[in-house]
Amino acid sequence: MPELPEVEGVVRALVPAVEGKTIMKVELSDTIYASFGLGKQCIVKNIEPNLFEEVMQGMHIQKVTRRSKYIYFHIEKNQESFLFVNHLGMTGAWFVVQTLGDITEEKFRKHVHAVFTLETGELLVYSDIRRFGELRFIKKVEEHPPLLLMAPEPFDSVACEFFLDKCALPKYQNKPIKEVIMDGQVISGCGNIYATEALFKMGIHPARKTNRISKKRKIELFEAIRTILQESIEMGGSTISDYRNINGEAGGMQNRLKMYGKKFCPQCNTATKALSIGGRTSVYCPKCQH
DNA sequence: CGCTGTGACCGGGCGC
DNA sequence: TGCGCCCGGTCACAG
């Protein structure tokens, strides 16, 4: 499951591999075409697959950046600039290879959905096992309102204050803190893994009502989230199931996780508990987290 | 109008 | 072996 640190790793790998190159050709999977025929929009959103292939042809990739868990390809053709936005969903992955056979893992090779042939002859490949990811071609972010509603980047100087302000709103006050910190409109890029870790580090029960945490502790919690996101970026992200970096390598952060997916608390050895908060499994230590 | 709750999208993996 | 169900990030849409 790619969260912010994993997406950051993908972007850092994509930058030197594709920036400055031109897309000569795009081929989308039969699955994408078939879904469109059935009135669905598998992976490619808000545009007909054949039109997507056509419009992406000849696009020059100027920059690749990350915004929350989204990857922005800043592209340009005939002096006109566009945005090609990707979310990896649960199982999306990018590869830059000479041939599709260079993708070593079969499960990724089996689920290739978009192949961009670059001017160098290399293939920029998007693979997505569960197809929860999305590829979106837009002129500017305003075209897709959810992108405008995202909280500031957690490393942005205003992010903590933004978080505190959101917590004070009636709609968030009475919610479990874990649900609030995982809300992309409150904090950007903090998914289940890092929310679980930060709450454990802080000794806060995931179901604790947001307004039952002092401002001081909220600030400390925000700092804990920011710190763990930073640590994970430096470790190359967490490889829990299907996340791979662009070279097909796993990250190293999963070995440092203390609570996510654990059966016993690493501090007191008590059996962990799990409950569902906001529809997501939330693991915690009943003795260390209150 | 704003907020809340729910469904939809998927296939790997696991339990029975 | 085989089947059915669970999981999850995000958004659309219903209520």
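Within every chain, numbering begins at 1; the chains are lettered A, B, ... in the order of the sequence lines, protein sequences first and strands thereafter.
Residues A/Leu221 and A/Ile177 have side chains in contact (heavy-atom distance under 4.5 Å, counting atoms from C-beta outward). Residues A/Leu4 and A/Phe155 form a side-chain contact, since some pair of their non-hydrogen atoms from C-beta on lies under 4.5 Å apart.
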Return the polar atom pairs (N/O with N/O) between nucleotides 5-10 of chain B and the protein under 3.5 Å, or none.
unit_1, atom_1, unit_2, atom_2, d
B/dC10, O4', A/Arg130, O, 3.4

Contacts under 3.5 Å, N or O only, protein and nucleotides 10-14 of chain C:
unit_1, atom_1, unit_2, atom_2, d
C/dT10, OP1, A/His87, NE2, 2.5
C/dT10, OP2, A/Lys69, NZ, 3.1
C/dT10, O3', A/Tyr70, OH, 3.1
C/dC11, OP1, A/Tyr70, OH, 2.8

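The nearest whole Å value for the distance from the OH atom in A/Tyr194 to the P atom in C/dG9 is 12 Å. The distance between atom CD1 of A/Ile193 and atom C1' of C/dC7, rounded to the nearest whole Å, is 13 Å. Atom CD in A/Glu106 sits roughly 13 Å away from atom C1' in B/dG12 (whole-Å rounding). Straight-line distance from the CD atom of A/Glu3 to the C1' atom of C/dG9: 10 Å, rounded to whole Å.
Ion pairing of A/Arg109 with A/Glu106 is absent here, as no side-chain N (NZ or NE/NH1/NH2) approaches a carboxylate O to less than 4.0 Å. Between A/Glu153 and A/Arg66 there is a salt bridge, since at least one side-chain N of the basic residue sits less than 4.0 Å from a carboxylate O of the acidic one.
Overall, the helix from B/dC3-C/dG15 to B/dC16-C/dG2 carries an axis bend of 50° between its ends, with five pairs at each end and the value rounded to 10°.
In the displayed structure, A/Asn255 atom CG is contacted under 6.0 Å by more than 12 heavy atoms of other residues, nucleotides or ligands. The environment of CG in A/Asn78 is sparse: at most 12 heavy-atom neighbours from other residues, nucleotides or ligands sit within 6.0 Å. Counting heavy-atom neighbours within 6.0 Å of A/Lys273 NZ, excluding the residue itself, gives a total of 12 or less.
Between C/dG8 and A/Thr281, a contact under 4.0 Å exists linking OP1 or OP2 to a side-chain N or O.
In this structure A/Lys25 satisfies the salt bridge (charged side-chain N to carboxylate O under 4.0 Å, His left out) test together with A/Glu27, sequence neighbours excluded. Residues passing the side chain to side chain contact (heavy atoms under 4.5 Å, CB included) test with A/Glu19 are A/Val15, A/Lys63, A/Val64, sequence neighbours excluded. With sequence neighbours left out, the side chain to side chain contact (heavy atoms under 4.5 Å, CB included) criterion links A/Asp165 to A/Glu161.
In this structure, a donor-acceptor pair under 3.5 Å is present between the side chains of A/His74 and A/Thr65.
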